[in-house]
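The block underneath contains the structure these notes are about, expressed in structure tokens.
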Amino acid sequence: MTIEIQPNIECENCIKCGTRPQVEQVKKHWIVACPNKKCNNFVKDEMVNIAGWNRLNKNNAQLNPNQSLKRTA
């Protein structure tokens, strides 16, 4: 079952297709994922990790020069 993220929660859109992500629970993990399965863009953690999603879905212009893109999912 997928759950839409409320509009008042600050959450970046998918960097690949631009759609808003959804939350899904699979066994004991929570997945924040793009609803478009072709993107294969997701963050999986034991808790809903919107901060991790936001970190992965910022474009390069929004990153600090000291930050690097690191895929943790």
Side-chain angles (χ1 to χ4, degrees):
M1 178 173 79
T2 59
I3 303 167
E4 291 186 23
I5 298 174
Q6 294 179 356
N8 60 343
I9 295 176
E10 185 177 332
C11 186
E12 298 288 330
N13 290 339
C14 177
I15 198 165
K16 296 179 181 178
C17 69
T19 59
R20 189 160 175 89
Q22 296 177 342
V23 177
E24 181 178 353
Q25 185 177 16
V26 178
K27 296 186 181 180
K28 56 183 179 176
H29 294 288
W30 289 92
I31 301 172
V32 180
C34 177
N36 185 357
K37 298 299 180 189
K38 289 182 181 179
C39 288
N40 196 26
N41 191 6
F42 64 92
V43 174
K44 183 177 178 181
D45 202 348
E46 291 180 0
M47 295 177 62
V48 177
N49 191 357
I50 292 181
W53 171 267
N54 287 340
R55 206 172 32 253
L56 289 175
N57 285 284
K58 287 190 185 270
N59 61 18
N60 291 336
Q62 294 174 321
L63 290 175
N64 293 333
N66 297 333
Q67 277 184 322
S68 63
L69 286 175
K70 183 178 179 183
R71 194 149 194 99
T72 58

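Excluded from the calculations below are hydrogen atoms, water molecules and symmetry mates; all remaining heavy atoms, backbone and side chain alike, are included.
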If you group Ile, Leu, Val, Met, Phe, Trp and Tyr by side-chain heavy-atom gaps below 4.5 Å, do Val43 and Ile9 land in one group?
yes
I'd like to check Glu12 versus Lys58 (side-chain heavy atoms, cut-off strictly below 4.5 Å). Are they in contact?
yes
Glu4: side-chain contact (heavy atoms from CB on, under 4.5 Å) partners, not counting sequence neighbours
Gln22
Determine yes or no for a side-chain-to-main-chain donor-acceptor pair under 3.5 angstrom, with Arg55 supplying the side chain and Ile50 the backbone.
no
Mind listing the side-chain donor-acceptor pairs of residues 25-36 below 3.5 Å, one per line with the distance, residues two or more places apart or on another chain?
from	atom 1	to	atom 2	distance (Å)
Gln25	NE2	Lys27	O	3.4
Asn36	OD1	Lys38	N	3.3

What distance do Ile5 atom CD1 and Glu10 atom CD have between them, rounded to the nearest 0.5 Å?
12.0 Å
Testing Val48, Asn41, Asp45 one by one against Trp53 for a side chain to side chain contact (heavy atoms under 4.5 Å, CB included), which residue passes?
Asn41
Ignoring hydrogens and geometry beyond distance, is a side-chain donor-acceptor pair present between Asn57 and Asn13 at under 3.5 Å?
no
Distance in Å, Phe42 CZ paired with Asn49 CG, rounded so as to fall on 0.5 Å steps
12.5 Å
